[in-house]
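Each ligand, and each atom within it, is numbered from 1 in the order the structure gives.
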Amino acid sequence: MKIMSVNAGSSSLKFSLFDIETETLIASGYFEKVTIPGSFFNIKFNGEKIYEEVEMPNHTVAVEVMLDRLIKLGIVSSLDEIEAVGHRLVHGGDKYNKSVIITDEVMADLEKYADLAPLHNPANILGVNAVKAALPNVPMVGVFDTAFHQTMDETSFMYPVPYEWYTDLMVRKYGFHGTSHCYISKQIPRILGKEDYKAIICHLGSGGSLSAVENGKCIDTTMGFTPLAGIMMGTRSGDIDPSIVTYVASKTGKSADEVMNDLNKKSGFLGLSGKSNDFRDVNEGRLAGDERCTLAINKYVKTVVDYIAQYYVELGGADIIVFTAGLGENACPVRKMIMEKLACLGVTINEEANEVRGEEIEISGPDSKIKVCVVPTNEELMIAQDTYELVK
Ligand code: ADP
């Protein structure tokens with residue numbers, strides 16, 4: 001059975017097509033600058049990369065181009081082969097704690113929660129509508145980024161602010177990257193050889209978040225009302241004192257929105273290093289002795305370690321710490337710096353294993369009190385698996 005997972009952003013569209021019974025990726029594609037002049041796509045199929053420039057003034061055209069190329073490139077012989085489509089949906093508010101078949105009610109809720117995710121939910125809606133128009137008889141499933149974190153209890157998800165902000169304005173911690181945290185949490189029983197576990201999952205990509213997970217259930221997570229909260233990231237500050245926003249606004253004449261934009265787009269690795277939002281560039285600077293690059297990496301490590309320490313206490317211990325996503329899977333020096341700071345918890349490091357990039361491997365030493373592993377995430381497969389479960 002062929003299942004497609006789709007991730008629609010405001011100016012992009014990604015797809016992955018799976019043979020779901022064998023969990024094999026048949027093809028994937030990334031359509032960029034959708035709605036903007038100069039749009040193009042890359043499709044990977046059969047070990048080849050196909051690049052093409054084609055104007056895609058809206059998501060409907062992008063989906064038409066995608067489906068057309070699936071046939072022309074021989075990826076499918078007929079669109080009927082696509083038996084279901086799973087969509088990555090960002091914000092399901094506090095209503096959706098698992099994936100669902102997309103109905104009119106789900107679409108209305110996506111609109112309702114658009115205030116909470118103004119950059120993402122409207123794009124998700126465009127993506128769903130475009131696929132629905134092209135494949136009207138194919139069942140579609142929504143997989144929410146927020147769903148996995150809905151098991152947090154109120155001491156974790158409530159902010160200590162006026163209670164009416166929660167009841168009237170939906171202000172609470174939601175958490176994001178849930179599909180990745182969920183995927184990793186499902187791998188842990190296999191790795192540990194037991195179903196009962198306490199895990200700290202570190203999804204370290206250009207965005208990043210940690211989650212504390214007990215027996216597959218999310219207890220806490222670092223992102224909050226929006227993805228700006230938690231650890232330092234590529235361009236996001238992570239947690240800061242909110243008073244800084246009004247202070248900087250009053251000193252610079254910027255609006256609150258402009259300061260928020262600085263916190264989302266000009267902070268993190270980019271802000272501290274002044275060089276790049278990409279870990280690789282910042283690490284190069286650090287190795288060349290650049291002080292701000294060194295500071296950026298040290299600060300990053302500190303914010304991750306602070307949350308690992310918090311979650312260790314919150315969980316009452318940990319059987320496993322998992323590193324995943326771009327940095328987590330590949331940034332060996334960062335993993336080493338984090339693990340060295342966890343020596344007080346009895347963590348030891350297998351230096352040789354830690355040099356391995358991008359594959360599942362145990363990187364703690366045999367005497368480590370907590371197992372530390374790298375586990376590549378696969379959000380697209382998770383979306384396709386959830387879709388299969390709901391439509392089969
Ligand atoms: P996202 O999906 O959120 O855009 P990724 O999960 O791809 O982000 O992570 C991007 C981050 O991973 C960047 O900071 C990048 O430098 C880092 N990264 C990716 N590949 C490597 C690598 N081979 N070595 C070190 N860091 C890497």
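Each of the following atoms of ligand 1 lies closer than 4.0 Å to a heavy atom of Arg357: 24 (N).
The nearest protein atom to atom 10 (C) of ligand 1, hydrogens excluded, is given as Ser206 N, 3.5 Å; this is a heavy-atom distance. Phe279 N, 3.1 Å is the protein heavy atom nearest to atom 14 (O) of ligand 1. The protein heavy atom nearest to atom 15 (C) of ligand 1 is Asp278 OD1, 3.4 Å. Summary of contacts: the protein heavy atom closest to atom 18 (N) of ligand 1 is Gly326 O, 3.6 Å. For atom 23 (N) of ligand 1, the closest non-hydrogen atom of the protein is Asn330 CB, 3.5 Å. Of all protein heavy atoms, the one lying nearest to atom 20 (N) of ligand 1 is Arg280 NH1, 3.4 Å.
Salt-bridge annotation for Glu340 and Lys336: present, with a side-chain N of the basic residue lying under 4.0 Å from a carboxylate O of the acidic one.
Placement of Leu263 and Met233 in two distinct hydrophobic clusters is found when ILVMFWY residues are connected by side-chain heavy-atom separations under 4.5 Å, directly or transitively.
Residue contacts with ligand 1: Ala325 is placed with no nitrogen or oxygen under 3.5 Å of a nitrogen or oxygen of the ligand (distance criterion only). Any N or O atom pair closer than 3.5 Å counts here, and Gly205 shares no such pair with ligand 1. Close N/O approach between Ala331 and ligand 1 is not found [any backbone or side-chain N/O within under 3.5 Å].
There is a protein heavy atom closer than 4.0 angstrom to atom 8 (O) of ligand 1.
In this structure, the side chains of Val76 and Leu17 come closer than 4.5 Å at one or more pairs of heavy atoms. Side-chain atoms of Tyr312 and Ile321, non-hydrogen and from C-beta on, never get closer than 4.5 Å to each other.
Here the rule is side-chain contact (heavy atoms from CB on, under 4.5 Å) with Tyr174, and of Thr226, Val90, Leu116 only Leu116 fits it. Lys2 pairs with exactly one of Glu21, Glu83, Glu81 by the side-chain hydrogen bond (donor to acceptor under 3.5 Å, both in side chains) rule, that one being Glu81.
Residue-level proximity to ligand 1 for Glu329 is absent, since no heavy atom of it falls below 4.0 angstrom.
Between Tyr96 and His91, the distance separating the two ring centers is not shorter than 6.0 angstrom.
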(message) Show, in sequence, the C-alpha distance, side-chain angles and deciding distance for Glu360 and Arg190, and conclude whether the salt bridge (Lys or Arg N to Asp or Glu O under 4.0 Å) test is met.
(response) CA-CA 12 Å; Glu360 185 172 312; Arg190 171 178 58 75; 3.0 Å; yes

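The side-chain tip of Lys173 does not point at the ring of Phe157 from less than 6.0 angstrom away and within 45° of straight on.
At least one heavy atom of Gly207 lies less than 4.0 angstrom from ligand 1.
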